Amino acid sequence: MPLTLNEIRRNAQDFAREWQGVASERAESQSFWNDLLKVFGVNRRYVASFEKAVERLGRAQGRIDLFWPGILLAEHKSAGQDLNKATTQAFDYLQGIRDRDLPQYIIVSDFQRFKLFSLGGNTLEETEFTLAELPQNIEKLSFLAGYTPRTYKDEDPINIKAAEKLGNLFDGLKANGYEEHALKVFLVRLLFILFAEDTAIFEKDLFRWCIENKTREDGSDVGAFISTLFALLDEPENRRQRNTDEDLLKFPYVNGSLFGENLRPPHFDAAARDALLELCAIRWNEVSPAIFGSMFQAAMNQTERRRLGAHYTSEKNILKVINGLFLDGLKDELAQVLADKSTRRKAKLDALQTKLRGLTFLDPACGCGNFLVIAYRELRLLETQIIKALEALETEASGGQLRTDTALRSIVNVDQFYGIEIEELPVQIARVALWLTDHQMNIRLAQETGLHVLRLPLKTEPHIVGGTPETGNALRIDWATVIPPQRLSYILGNPPFIGKNKRTAQQTDDIDLVFGNHKGAKNLDYVACWYAKAAEFIQGSNIACAFVSTNSITQGEQVSILWPFLFQKGIKLHFAHRTFKWINEARGKAAVYCVIIGFSMRTAQQPRLFSYDDIAGEPLEITASNISPYLVDFNNTVIADRGTTLCDVPPMIKGSQPTDGGFLMMTSVEKDETLRQEPALALYIRPLLGAEEYINGIKRYCFWLQDIDPAVLRQSKILSQRLAGVRKKRLESTKTATQDWANRPWLFTENRQTKQPYVLVPSVSSETRRYIPMGFISPDVIANNLVFMIPNVTLYHFGVLTSHMHMAWMRQVCGRLKSDYRYSNKLVYNNFPWPASPTPAQTQAVEAAAQAVLDARAPYLASGNTLADLYDANTMPPDLLKAHQRLDKAVDACYGRRTFTSELERVTYLFELYQQLTAPLAAQLTPSTTRKPRKAP
């Protein structure tokens, strides 16, 4: 355990008194540095060497006065000599040092003065102070004791470098034939050791020193040495053999079953030994344990080693879950206690700390433990604030006398955390990451309060349960066997998102197991299973839950399938983050659109709703009266497919279905060649539009043979070949109805083509577009089954449909195909609440604005641009955007509104209108004004 800053300061005061006024004899410099390292609790034997020979820049060999590989280079001069010259000399040494040993700091001194240079950041930082000022500057040298102020970043270069070095060792040992299970366990143990010696669990750089000084350079004995060390770490000090190497005896007993399994020693060679030493040179005190899982996953795949974001759930997103679930409430509670100046303050602090100790957490899809690690870290940080407040009260009560005998005050521990994970390696990583986070927090506590907490040997363990073929995965394990519900406080995590088209057979069986015969359950995303299982598990309890999920469970048909099932179980939503972009930093990896939903069996006093006007930005928070399954401030109304329109508007119908295997379709080239060979077929070829063709301006045609002359049909060789292909394709179908259509291969299996002009609405459109492109189409153009048609439509109808009002409804209610909008006539259009009674002037204003939109895009389309070009968020022409904005205002006016402050307010308004239209007794009510959002803290 590192010395506390108070202990270091006292040591520094003694050191400054002892060395004040010392003369310049060369022999004393080594004693000076030995004594200075002792001030910070450092054993020089394992970390530093004097008179280190090294080549200097542009000169022959020189000698570094004190060298600590990877940490410190010190150059010492006699009293009163030029420190600038010493500085130049020190920096000259850097070019002769191999990369892995380059120091983070340089110190030059003449006994009475210090110049400190920090090399770790983007800029060189310089500090100067005297020997007498050393006690006031020990924080600047606290790196010697293992203290490193650090802000962790998801894609920090140190994390990427660590993954690459770990990967190099993995490759080397795997190439030497080391069995995979043993290799993974070996690397997890090694990671613990590397972290331990960089954070003062072990003596600083003890393991690195042993590898460099006690193993052969060819690596032949490294595996045996490490195996001996593993066994020793699992053996109490009082049971170790007396003739054990004295340096190995410096390693403490770890326990915790981490080193319990007996592994076959790996075979190292010179390259693997060198890779191990490269790993030892990483500054592991700068690596967050929360990244360990991602690091392992990346290390085991060469192409992913610089793509940690592909595997890592960012701390920012994890905090969105735990803040809403429990942390914000605990912080508020602590703030209230700290504000209390009464005599009951100490009792309240003690009670709050006891409460923290009593909290328990389960992540039923924990992976490598990221959520548990961050939750534990935040809980310990809260406890540290409590301990600091208690320490201040005791110091005040004792007349300013600081107590240092309170090491047992930290009572929050890793045994409060539970997880379920199906894979072996993540189980190991999660346990180690929690232990190491515990030690990080112990160091933080020592740094801030002066209280020592060193939990070695490990006596408490996190409870991470691994799935097996016998016990199954988290959906098949009885969670009560992991932790009984009466002992559990919170459930949290990021269960897997897997759509119905990507599930395995076993995952489909899991859905059957969880949902039973619930209608439509197979259409749900796999993540819904965790909601259902949690809802069942928390019955009759105060357990609160929060999951990150794909936003598909709050949109489209999944809402009407999942949420009535959950509401029947009695759950209530407490907080939610509406759709936001779960940004993945890895190159070539698509972003995921997620929601976070917190719930329990209790009624929320003040439901909190976080909305993102910019889905990649920061949220706005409102206090809701109720959070609906669509994550709006509304009741629990669920919108299902509707056969007819809610309002008096023209019906929307699906386009025609060919079911032809492509044999009735033609490209422009195929059409021209067909007409060259058989010009008479011109009467039977029509332009065809699907969503892709319409949006991207692709020319496509089809044979439209509804009224074809039988003689033409019999005489055409092209049609004969084409129809044979259609017939064969339909006969191959497993559907009897489709097989029957093989007898009429010249016809579409579903013909809904209108004879009137129609507005075309694509069934799928990119989520990056503000508006779904739609437009008026001639009845001569065939609409296929990937678009919708609205015949007999007016400019007014077109204007409302292409407005922000309808787009906001669509974004909330529609389903998704991947991340793209999937429009539905039955779900979106038929349920849309149109303006109730616009005035003639309002209707005319919408028609004029709608025509202006068509006019604005016409010249661009005429010059070869596509609707995809015009409606891309980054390339939308300014005049077209302005035309749409004018249309939006005209449509808003039809609803009796001038402005909306956010998308959330707009959607909530539409839901209120929907309820009025579907509840006749409330039909005359006016929608209430929604609350104005405030910025989230």
Side-chain angles (χ1 to χ4, degrees), residues 499-501 511 515 517-525 528 531-532 550-568 579 595 628-632 634-657 690-691 735 737 749-750 752 754 758-765 767 772 774 783-791 793 797 800-801 805-818 820-834 907 910-920:
K500 65 178 181 180
N501 295 326
I511 290 179
F515 285 96
N517 60 359
H518 181 60
K519 185 178 179 180
K522 285 188 171 64
N523 293 320
L524 294 172
D525 190 283
Y531 281 83
T550 170
N551 64 356
S552 65
I553 67 169
T554 64
Q555 298 172 340
E557 66 174 346
Q558 294 197 46
V559 175
S560 62
I561 299 170
L562 174 63
W563 290 99
F565 179 89
L566 296 177
F567 290 143
Q568 287 174 5
T579 297
V595 295
S628 85
Y630 297 94
L631 307 190
V632 297
F634 197 60
N635 61 38
N636 292 335
T637 296
V638 169
I639 298 172
D641 283 355
R642 184 183 183 91
T644 59
T645 58
L646 181 63
C647 300
D648 184 17
V649 291
M652 176 184 283
I653 57 177
K654 191 176 182 181
S656 300
Q657 173 90 32
K735 298 179 180 179
T749 56
E750 298 175 17
R752 305 185 188 91
T754 178
Y758 60 92
V759 163
L760 181 148
V761 180
S763 64
V764 178
S765 181
E767 86 286 351
I772 292 179
M774 55 184 73
N784 75 8
N785 57 298
L786 297 179
V787 296
F788 296 100
M789 300 179 292
I790 315 174
V793 72
H797 296 116
V800 174
L801 287 176
M805 210 65 160
H806 183 246
M807 293 301 124
W809 176 263
M810 177 276 302
R811 279 189 284 270
Q812 188 60 63
V813 176
C814 80
R816 298 274 177 155
L817 183 63
K818 297 181 181 177
D820 293 337
Y821 304 128
R822 187 176 64 183
Y823 198 93
S824 164
N825 58 342
K826 294 181 179 180
L827 192 60
V828 180
Y829 182 80
N830 287 354
N831 285 299
F832 178 60
W834 289 71
V907 170
L910 287 170
F911 269 88
E912 291 176 342
L913 285 179
Y914 173 83
Q915 186 177 43
Q916 291 180 18
L917 292 167
T918 54

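Heavy atoms only: backbone and side chains are in, while hydrogens, waters and symmetry mates are out. Nothing here was measured: the structure is a model prediction, and the numbers come from that model.
In this model, a donor atom of one side chain and an acceptor atom of the other lie less than 3.5 Å apart for N551 and T579. Neither side chain, K654 nor N785, offers a donor N or O lying under 3.5 Å from an acceptor on the other.
Considering only heavy atoms from C-beta on, V800 stays 4.5 Å or farther from M805 through its side chain. Annotation: side chain of F911 is not in contact with side chain of T637 (no heavy-atom distance under 4.5 Å). Within the 4.5 Å cutoff, no side-chain heavy atoms of E557 are placed close to those of K826.
Remark: side-chain polar atoms of N523 are not paired, donor with acceptor, to backbone N or O of K500 under 3.5 angstrom. The closest donor-acceptor contact from the side chain of Q812 to the backbone of Y630 lies under 3.5 Å. Here the side chain of D820 pairs no donor or acceptor atom with the backbone of V764 at under 3.5 angstrom. The main-chain N or O of Q657 is never found under 3.5 Å from a side-chain atom of N784 such that the two would form a donor-acceptor pair. Checking side-chain atoms of H518 against main-chain N and O of L562 turns up no donor-acceptor pair under 3.5 Å. Side chain of T554 to backbone of P629: no donor-acceptor contact under 3.5 angstrom is found.
I561 contributes atom CD1, which lies 12.0 Å from atom CG of L566 (distance to the nearest 0.5 angstrom). Taken from CD in Q555 to CZ in R811, the straight-line distance is 10.5 Å, to the nearest 0.5 Å. Taking NZ of K735 as the start and OG1 of T749 as the end, the distance is 9.5 Å to the nearest 0.5 Å. For the atom pair N517 CG and F515 CZ, the distance stands at 12.0 Å (nearest 0.5 Å). In this structure, OG on S560 lies 9.5 Å from NZ on K519, to the nearest 0.5 angstrom. With rounding to the nearest 0.5 Å, the separation of CG in L801 from CD1 in I790 is 4.5 Å.
Between F832 and H806, the angle of the ring planes goes over 60°, which puts this pair in the perpendicular group of the 30/60° scheme. Aromatic ring pairs are classed by plane angle as parallel below 30°, tilted from 30° to 60° and perpendicular above 60°; the pair W563 and F567 is tilted. Taking the six-membered ring where tryptophan is involved, the planes of W834 and H797 are perpendicular, since the angle between them exceeds 60° and thus also 30°.
Of all heavy-atom pairs between V559 and P564, the closest is O-CD, 3.3 Å. Considering every non-hydrogen atom in both P833 and L913, the closest pair reads CB-CB, 3.9 Å. When every heavy atom of F565 is checked against every heavy atom of A532, the shortest pair comes out as CE2-CB, 3.7 Å. The two residues T550 and V595 make their nearest non-hydrogen contact at O-CG2, 4.0 Å. Nearest approach of L917 to C647, heavy atoms of both residues: CD1-SG, 3.8 Å. Taking both residues in full, the closest heavy atoms of Q558 and D525 are given as OE1-N, 3.0 Å, listed atom of the first, atom of the second, then distance.
Each of L827, L646, V828 was scored for a side-chain contact (heavy atoms from CB on, under 4.5 Å) with I639, with one residue passing: L827.
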Step by step, work out the side chain to side chain contact (heavy atoms under 4.5 Å, CB included) result for S656 and E750.
-> CA-CA 5 Å; S656 300; E750 298 175 17; 5.7 Å; no

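In this structure, Y821 has no side chain to side chain donor-acceptor pair (under 3.5 Å) partners at least two apart in sequence or on a different chain.
Here the two rings, on Y829 and F788, have centers that are 6.0 Å apart or farther.
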